[in-house]
Amino acid sequence: MEYNFNSIEQKWRKRWADNNTYKVSTDSNKEKFYVLDMFPYPSGAGLHVGHPLGYIASDVYARYKRLQGFNVLHPMGYDSFGLPAEQYAIQTGQHPELTTKENIARYRDQLDKIGFSYDWSREVRTSSPEYYKWTQWIFIELFNSWYDKSADKARSITDLIALFEKEGNASIQAVTDQETVFTAAEWNVFSKEEKEAVLQNYRLTYLADSWVNWCPALGTVLANDEVVNGVSERGGHPVEQKLMRQWSMRIKAYAERLLTGLDSLDWTDSIKDIQTNWIGKSKGASVFFPLWRGIEGEDTSKTHIEVFTTRPDTIFGVTFLVLAPEHPLVDVITTTEYADKVAEYKRVASLKSERDRQSDVKNITGQITGAKAIHPFTGAEVDIWIADYVLASYGTGAVMAVPCGDQRDWDFATHFNIPIKNIFQDKDISKAAYTEKDALIAASDFLTGLEAKVAIEKAIEAIENKGIGKGKTNYRLRDAVFSRQRYWGEPFPIYYKNGLPQTIAVEHLPIVLPEVEKYLPTEDGQPPLGNATVWAWDTANNKVVENSKIDHQTVFPLELNTMPGWAGSSWYFLRYTDPLNTNAFAAKDAVDYWKNVDLYMGGAEHATGHLLYARFWTKFLYDRGYIPFEEPFQKMINQGMILGRSSFVYRIKPLFYYTNEDPYSLDKKIDIDIKKNVDLNMELTRQMPPIFITYSILKKYLNDPYSFSDNNFNIEHKRILKLIKENVQNQNVSVELSINDATPIHVDISLVDNDKLDLEGFKKWRSEYANAEFILENDGTYICGHEVEKMSKSKYNVQTPDELVEKYGADTLRCYEMFLGPVEQAKPWDTKGINGVSNFLRKLWRLFNLDENGSPRLDEGEPSKDNLKSLHKTIKKVSDDLERFSFNTCVSNFMICVNELSEQKCTNKQILEQLLVLVSPYAPHIAEELWEKMGNGATSVTQASFPTFNEAYLVEDNIEYPVSFNGKMRFKMPLAAALSPKEVEEIVLNSPEAAKYLEGKTPKKVIVVPGKIVNIVM
RNA sequence: GCGGAUGUGGUGAAAUUGGUAGACACGCUAGACUUAGGAUCUAGUGCCGAGAGGUGUGCGGGUUCGAGUCCCUCCAUCCGCACCA
């Protein structure tokens, strides 16, 4: 009976769905295992073969864990809010909800064909109100929380208010933007507005004016990681800086924990490094430099510039200060003498985009302000400069310049002839700054003679004792802007009363996205929700009502922004544990049981976005006691991208010229000739069929154009040339067919097999190629060129999983994607090898020796020693390999096993049954079918147990010892495994094979590694 | 510039703790069978060489009886960060 994958796979897809084979429940005594794929955004383009790579790997692992007896949670859903659907809506007027639904249906259809073991009853969609109700709830929880540094966790804002009422804010250790101090008495008489203004500085999500990446074309704000090279990641539109009132997330509060938490995670170093880098921790000190404005008698004791430095040990090397041009004190301190120049410098700096400022490193610019600061230790006066190499957004926006120890300061000082003071013992700083930390400090009062490490501590101590600063840790991580001026996102559960944000109680959630007529920003620049006519909050009836009812008494305007893409994806893994819960984001027992994700599979491109924000929200929910773990994703594997293999045809154009006018002559009439010839070519080329040259001839030419001669052309070339000549009526016209301007043209990969072009198909592909002529190989084929590129429609190299499932079956596709190579690695997609995998499954099928009715004719007796050895070798290899996520080598070993069993003509039932279980995570359909045919119809192979490895079957009586001389393997010698190293040595040395290499000499040394190798040193 | 990853046949790759480099496939070559299918089977296939043999894991060096694997230097490709004080 033939292996008919199409009907088998269809049958089992239906059977699994009907029987709820992959449904899991919390209620279980089994140990849990949580396998999750990164949330896909359902794009209109559907899936190509690159997408399922990670899904297949995680599915194989999930199935493997099930066979091992774990209760495996393996869900799938959609990150279904997002810009593309909105862009499409703007263009077509089609509601994003509709396109999103269609795209999801398409995704689902494609996913279903691959045979994944998802529990679809747990599907979630971020854009469904039942889901985003809880996204809104988390937002409110963040709004109602503050970060207590002394407890090092988030706490309820009501605790904070109680503290304010009792003791004011002076002694509260919080992560806050609050600068002024108030007493309990003062707090208690603050107005409601004043109180809220203060609380905004403490809340974990808060309103603030912030500089944002404004994208006018999209009418929205983008996060830093959504901006690539100054244009929007999606769409490539220009982005500018704009000050806007926005919701922000106080992620900075978690900077330290996000950093230290990385140690406990089983992620790649590369991702951890990216996050470490992004958080950007630096230890040092902030130091106050008192100002001296040069005006006699003025009290300057209260005015100072705060700088941040990581090298307080070099403070005696300070010869000037530099402020960022945007620093608020610049205008205050600049003397009248330099006012114009400073204003001009600031103007020029403001014109430069962030990108220009970054790329222009070589051009050193700066402006002296005329103001001077007092060195807090030496009392010396130092000039204060402004320069755009200092960033307003980092540290304090001011640096103490130590030109002897910092290269940028050195460059600046050298450029402007500022003195450089050397404070390093025996180090030359005439050519460059000395930036290493290994020098002894010199000429630095109490720091002289100390090493940097000691001196840093000493300096901080002195700074703190003197009251001129303190040790400080700085983070590069910024608070995250959380507002988007978009339609297709979660609405905020916020309305405004007297301009103050008010939250809506959880029992009235979700606040459902309103209908709008247009998805664009309003004419007066409001976000798209400004177009909604029913978008006001009625506090009396607790519902959304018409805008016309707004009276600012009981009916108030709702927030017009929506949440960013990362809101819904920051907690979705929690929802899968209890997706239908209407009373909580998930029931406590569900979260407590499933906990965090054990294996997370997805791309590395979310390193600073999703993976950081999800960690932040998880830590927050942990702090507030909602979940029992601090990290969302314990182990992560980043699958590599699958690249496309594009195929090319090469078009050449004939060159026509008048015979009586040599095209290469330098005649006086050359201009006229050229024009005549150009006209001739334009006219005649249009009449000619398109001509394509096979790649192998072209390759010869490209490899060595100089020695390429007409002899390399074959008879085809002459035929075409003749054909063209016949087409030209004019007798005075000559023609050449040169290949040096051959144009590569992408050709659809479905027309190419093994680099051979389907000529008839190609002619039908495009009407302009209908009469194409080809310069072919001698065997009459056309060989295409190829290149590895990203998969894209325009390159005609997209391979969809659907086509392959149709042609080879889902099991073959699954095995082949795994067989390609290590999952983490980027690799080109090439269908060439898929036949090999398809053959493997057919060979597996044949092992079962099915008769015409599909009943296997198997041997029910005891398996042979060889059978057992082949099987147990595979059990060991496959379980070892799966434990280290080496999916590709498993497939190879299945092949080896099937090859061996075929050779042994094994039809043993026990052996084949266990083999099926081993293979089932990779090829579930064929495994189920054969499992059933073997008489296990009552159960599914998914309920089987992973076979147990028995070492005994692998024990060898004889070992083929490789015998090396000086490390080079010369011959092999079969010897009894029981022999001692000494005995092995003797037998080998006395063998005739060895004599050949010994040449009568006595070896210097003989090394015998029992069971492994013999090495003879001559 | 800094940090990370990767580099092995014509191709995808394997070699888990230093122990037979190239398993398993693709492709290619030759052959068998055939009602000519993109089927199946057999043999061969890193490179150089007729052969004996030599040589070989990006380059160069080192440690070791033995190195794809460990150490040092350099090169290339990809990714991330980048005036970060």
Side-chain angles (χ1 to χ4, degrees), chain A residues 225 268-278 280-282 284 286 307-311 314 322 324 357-362 364 387-391 393-402 405-409 411-412 474-476 604-605 607-608 638 640-641 645 753-756 786 807 816 819-822 824-840 842 846 877 880-881 883-884 886 888-897 899 960-972 1003-1009 1011-1018:
Chain A
D225 39 292
T268 62
D269 286 342
S270 135
I271 299 264
K272 285 187 184 184
D273 284 345
I274 291 170
Q275 290 211 349
T276 304
N277 213 325
W278 191 261
K281 180 180 182 175
S282 51
S286 71
V307 301
F308 176 71
T309 176
T310 55
R311 294 291 305 270
T314 63
V322 190
R357 266 170 80 161
Q358 279 172 22
S359 52
D360 193 10
V361 180
K362 285 178 196 124
I364 297 167
D388 61 9
Y389 81 86
V390 176
L391 304 177
S393 59
Y394 185 74
T396 59
V399 303
M400 57 174 222
V402 183
D406 182 286
Q407 193 56 45
R408 289 178 321 265
D409 295 347
D411 292 340
F412 194 83
N474 217 15
Y475 298 94
R476 201 186 70 112
E605 66 273 17
T608 53
N638 304 115
M641 204 193 321
R645 188 179 189 273
D753 181 44
N754 201 7
D755 287 342
K756 285 185 185 136
H786 59 88
K807 217 166 151 184
Y816 185 55
F819 184 67
L820 276 178
E824 302 96 324
Q825 211 168 288
K827 51 206 157 263
W829 177 262
D830 194 341
T831 20
K832 267 198 296 194
I834 201 165
N835 283 318
V837 175
S838 165
N839 286 344
F840 151 67
R842 267 201 296 268
R846 259 181 267 139
K877 184 74 183 150
D880 286 357
D881 285 359
E883 287 305 328
R884 62 192 178 102
S886 173
N888 52 328
T889 49
C890 288
V891 181
S892 302
N893 282 286
F894 293 144
M895 290 174 172
I896 293 170
C897 185
N899 288 346
E960 273 241 303
Y961 274 97
V963 180
S964 321
F965 287 76
N966 293 327
K968 281 234 171 296
M969 208 278 288
R970 294 301 180 183
F971 59 87
K972 287 177 193 168
K1004 284 186 193 142
K1005 200 171 175 186
V1006 177
I1007 286 148
V1008 178
V1009 183
K1012 280 260 166 81
I1013 197 168
V1014 178
N1015 191 18
I1016 297 163
V1017 186
M1018 297 296 291

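So that the names make sense, note that chain A is the first sequence line, chain B the second, and so on, each numbered from 1.
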Subject >> Per A:Thr889 side chain, nearest of listed nucleotides B:G12, B:G4, B:A14 >> reply: B:A14
**OP:** Could you tell me the separation between the OG1 atom of A:Thr608 and the CD1 atom of A:Ile271, rounded to the nearest 0.5 Å?
**Re:** 9.0 Å
Original post:
Quick one: which of B:U20, B:C83, B:A25 gets closest to the side chain of A:Met895?
Top reply: B:A25
Original post:
When you compare B:C81 with B:G62, how far apart are their P atoms, in angstrom units rounded to a whole number?
Top reply: 40 Å
**OP:** For the side chain of A:Ile274, starting at C-beta, report the closest nucleotide among B:A85, B:G80, B:A5.
**Re:** B:G80
Subject >> Within 6.0 angstrom of A:Met969 CE, more than 12 heavy atoms from elsewhere >> reply: yes
**OP:** Quote, to the nearest angstrom, the P distance that separates B:U55 from B:A67.
**Re:** 13 Å
**OP:** If a protein heavy atom is under 4.0 Å from the base, mark B; if only from the sugar-phosphate, S; if neither, -; do that for nucleotides 57-70 of chain B going 5' to 3'.
**Re:** --------BS----
Original post:
Glycosidic conformation of B:G31, syn or anti, with 90° from 0 as the boundary?
Top reply: anti
**OP:** Report yes or no: does A:Ser838 contribute a side-chain atom to a donor-acceptor pair with the main-chain N or O of A:Ile834 at less than 3.5 Å?
**Re:** no
**OP:** Quick one: pull up CZ in A:Phe840 and CG in A:Asn835 and give me the separation to the nearest 0.5 Å.
**Re:** 15.0 Å
Subject >> Distance between C1' atoms of B:A13 and B:U8 (Å, rounded) >> reply: 9 Å
Original post:
Looking for any heavy atom pair under 4.0 Å, which part of the strands does A:Asn888 touch: base, sugar-phosphate only, or nothing?
Top reply: sugar-phosphate
Subject >> A:Pro828 side chain, from C-beta outward: closest of B:A85, B:U20, B:G12 >> reply: B:G12
Original post:
Mind checking whether A:Ser270 and A:Thr268 have side chains closer than 4.5 Å, heavy atoms only?
Top reply: yes
Original post:
Can you tell me if the side-chain N/O atoms of A:Thr268 get under 4.0 Å from OP1 or OP2 in B:A5?
Top reply: no
**OP:** For the residue pair A:Leu820 and A:Gln825, establish whether any side-chain heavy-atom pair is separated by less than 4.5 Å.
**Re:** no
**OP:** Using the P atom as the reference point in each nucleotide, state the distance between B:G66 and B:A21 in Å, no decimals.
**Re:** 14 Å
Original post:
In terms of base orientation, is B:G7 syn or anti, with the syn window spanning 90° either side of 0?
Top reply: anti
Original post:
What are the two closest heavy atoms between A:Lys1012 and A:Pro962, and how far apart are they?
Top reply: O-CD, 3.1 Å
Original post:
In whole angstroms, how far is the C1' atom of B:A13 from the CG atom of A:Asp830?
Top reply: 13 Å
Please list, for nucleotides 38-46 of chain B, all pairs of protein and nucleotide N/O atoms separated by less than 3.5 Å.
| unit_1 | atom_1 | unit_2 | atom_2 | d |
| --- | --- | --- | --- | --- |
| B:U40 | OP1 | A:Asn839 | OD1 | 3.0 |

Subject >> P atoms of B:G9 and B:G60, separation to the nearest Å >> reply: 15 Å
Original post:
Taking CE from A:Met969 and C1' from B:A15, how many angstroms apart are they, rounded to a whole number?
Top reply: 15 Å
**OP:** Give one of base, sugar-phosphate or nothing for A:Arg970, where a contact means two heavy atoms less than 4.0 Å apart.
**Re:** sugar-phosphate
**OP:** Enter the distance from A:Ile274:CD1 to A:Asp269:CG here, rounded to the nearest 0.5 Å.
**Re:** 11.0 Å
Original post:
When the P atoms of B:U73 and B:A82 are considered, how many whole Å apart are they?
Top reply: 27 Å
Original post:
Base, sugar-phosphate, or nothing: which does A:Ser892 touch, judged by heavy atoms less than 4.0 Å apart?
Top reply: base
**OP:** With C1' as the reference atom in both, quote the distance from B:G10 to B:G44 in angstrom, rounded to an integer.
**Re:** 16 Å
Original post:
Relative to the 5' end of RNA chain B, which residue comes earlier, A:Pro962 or A:Gly397, by the nucleotide with the nearest heavy atom?
Top reply: A:Pro962
**OP:** Would you sort out whether A:Val322 and A:Tyr389 count as a side-chain contact (heavy atoms from CB on, under 4.5 Å), showing the intermediate values?
**Re:** CA-CA 9 Å; A:Val322 190; A:Tyr389 81 86; 3.7 Å; yes
**OP:** Measure from CG on A:Asp880 to C1' on B:U16 and round the result to the nearest Å.
**Re:** 8 Å
Subject >> Atom P, compared across B:U6 and B:U20: separation rounded to whole Å >> reply: 22 Å
Original post:
Should A:Val399 and A:Val307 be marked as a side-chain contact (heavy atoms from CB on, under 4.5 Å) after you check the CA-CA gap, both sets of side-chain angles, and the distance that decides it?
Top reply: CA-CA 5 Å; A:Val399 303; A:Val307 301; 5.6 Å; no
Original post:
Is there a donor-acceptor pair under 3.5 Å between the side chain of A:Tyr961 and the backbone N or O of A:Lys972?
Top reply: no
Original post:
Within the structure shown, what part of the strands sits under 4.0 Å from A:Asn899 by heavy-atom distance: base, sugar-phosphate, or nothing?
Top reply: sugar-phosphate
Subject >> Chi angles and distances behind the side-chain contact (heavy atoms from CB on, under 4.5 Å) call for A:Asn1015, A:Lys1005 >> reply: CA-CA 8 Å; A:Asn1015 191 18; A:Lys1005 200 171 175 186; over 6 Å; no
Subject >> Taking every non-hydrogen atom, the tightest pair across A:Asp409 and A:Ala401 >> reply: OD2-CA, 3.2 Å
Original post:
What nucleotide among B:C83, B:U16, B:G80 has an atom nearest to a side-chain atom of A:Lys877?
Top reply: B:U16
**OP:** Starting from C1' on B:G53, measure out to CZ on A:Phe971 and report it in whole angstrom.
**Re:** 17 Å
Original post:
Under 4.0 Å between a side-chain N/O of A:Arg476 and OP1 or OP2 of B:A82, yes or no?
Top reply: yes
Subject >> Atom pair distance, as rounded to whole Å: CD1 in A:Ile271 and P in B:C81 >> reply: 11 Å
Subject >> Watson-Crick or G-U stems of RNA chain B, 3 or more pairs, under 3.5 Å, by first number >> reply: B:1-7 with B:75-81, B:10-12 with B:24-26, B:27-32 with B:40-45, B:46-48 with B:53-55, B:60-62 with B:70-72
Original post:
Taking A:Asp406 for the side chain and A:Val402 for the main chain, is one N or O donor matched with an acceptor at less than 3.5 Å?
Top reply: no
**OP:** Starting from P on B:A85, measure out to NZ on A:Lys281 and report it in whole angstrom.
**Re:** 13 Å
**OP:** Verify the contact: side-chain N or O of A:Gln825 to OP1 or OP2 of B:A13, cut-off strictly under 4.0 Å; return yes or no.
**Re:** yes
**OP:** Looking at every strand, decide which applies to A:Lys272 at a 4.0 Å heavy-atom threshold: base, sugar-phosphate, or nothing.
**Re:** nothing
Original post:
Got a donor-acceptor pair under 3.5 Å from the side chain of A:Lys968 to the base of B:U20?
Top reply: no
Original post:
A:Phe819 side chain: which of B:C81, B:A25, B:A85 is closest?
Top reply: B:A25
**OP:** Let me know the distance between CD1 of A:Ile896 and P of B:A23, rounded to the nearest Å.
**Re:** 10 Å
Subject >> Rounded interatomic separation in angstrom, taking CZ from A:Arg645 and P from B:G10 >> reply: 16 Å
Original post:
Parallel, tilted or perpendicular: which fits the ring planes of A:Tyr816 and A:Trp829, with parallel below 30° and perpendicular above 60°?
Top reply: perpendicular
Original post:
Of all the choices, B:A13, B:C81, B:A85, which nucleotide is nearest to the side chain of A:Phe308 once you look at every atom?
Top reply: B:A85
Original post:
Mapping A:Thr309 and A:Arg884 to their closest nucleotides on RNA chain B, which lands nearer the 5' end?
Top reply: A:Arg884
Original post:
In terms of side-chain heavy atoms of A:Lys1012, which of B:C24, B:A13, B:G19 is nearest?
Top reply: B:G19
